[in-house]
Structures are given as structure tokens and as C-alpha cells.
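To start, the structure under review is shown below, and the notes come after it.
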Amino acid sequence: MMLKLFIRKLKRVLLLSASRGANMSEVRFDEEMEATKMVPGDVKKGQFAVTATKGEEPKRFIVELNHLTNPDFLSLLEQAKEEYGFQQEGVLAVPCRPEELQKILENRRKRRASTEW
């Protein structure tokens, strides 16, 4: 599915560049911009990707939008703003160890499960 979409976009870019006489640097820039807008297939509607960047190896998580009301998660976003600013592209990076982010996400799920009874 993603490959078909990529090929279609590539054809369109090449046709447009040929018709307007664009040079290859413009084409590459357009392709890179399109690639940053693509959402990975494992990120469903109502979710977003987050990478915990501290520790030995960064780890990527898929997070549901309802975590945006979680005070612990909002604290991580504030730290990310202070450390990285608003210029991030692609996956949102948060300055914590993967284990910390996992704990925050699991605690939120446990609290939601206990209130649903």
C-alpha cells in the first residue's frame, strides 16, 4: 500500500519537474518534504509516535491521544519543549528512558481500567 502511494507520488513529481524544468535538488527537496508528512502504517487514527531518547538505545512507542491529558505525560512534553524546542520533525522525541515512558503509559491504562468498572 505504502509502496504504491510512493510510486504514484514519485511519478507525479517527475512529471511536474519535467514539465516545469525543475532541477534535481528541487525534486529531492519535494520528495523529502512528502516523506516527512507520511504517517507510518502502525500509527492508527487517534494515535501518534513518540521516541524515548535517553538511555542506551532510543525506543519508539505508539501513544493514544488520550495521554495528552495525563499530567505525567504532559510533564514529559514540557521537558521536550525545553530540551528540543518546537522544531522537531517526524516522531516526537521525549527526554526520558524508555522504561520511564513505558511506566507512565501503563499507569494511565491501569487507572482507566480501574475507573471503567
Run the side-chain donor-acceptor check on residues 91-101: report pairs under 3.5 Å with partners two or more places apart or on a different chain.
residue : atom : partner : partner atom : Å
R97     : NE   : E99     : OE1          : 3.3
R97     : NH1  : E100    : OE2          : 3.3
E100    : OE2  : R97     : N            : 3.1

Subject >> Sole residue of L74, N66, D72 in side chain to side chain contact (heavy atoms under 4.5 Å, CB included) with N70 >> reply: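 Exactly one pass, corresponding to D72.
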Original post:
What distance do E83 atom CD and K54 atom NZ have between them, rounded to the nearest 0.5 Å?
Top reply: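 Interatomic distance, E83 CD to K54 NZ, rounded to 0.5 Å: 4.0 Å.
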Subject >> Neighbour count above 12 (heavy atom, 6.0 Å) for E57 CD >> reply: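 Check fails, neighbour count at 12 or below.
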Heavy-atom pair of closest approach, residues [X] and [Y]:
X	Y	answer
Q102	F61	OE1-CE2, 3.0 Å
P58	T51	CB-CG2, 3.7 Å
V43	R60	CG2-NH2, 3.6 Å
Q47	L65	N-CG, 4.2 Å
F48	E64	CE2-O, 3.8 Å

**OP:** Could you walk me through whether L77 and L68 pass the side chain to side chain contact (heavy atoms under 4.5 Å, CB included) test, one step at a time?
**Re:** CA-CA 9 Å; L77 292 180; L68 294 174; 3.8 Å; yes
Original post:
Would you call E78 and K81 a salt bridge, using N to O less than 4.0 angstrom?
Top reply: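 Salt bridge flag = yes for K81 with E78.
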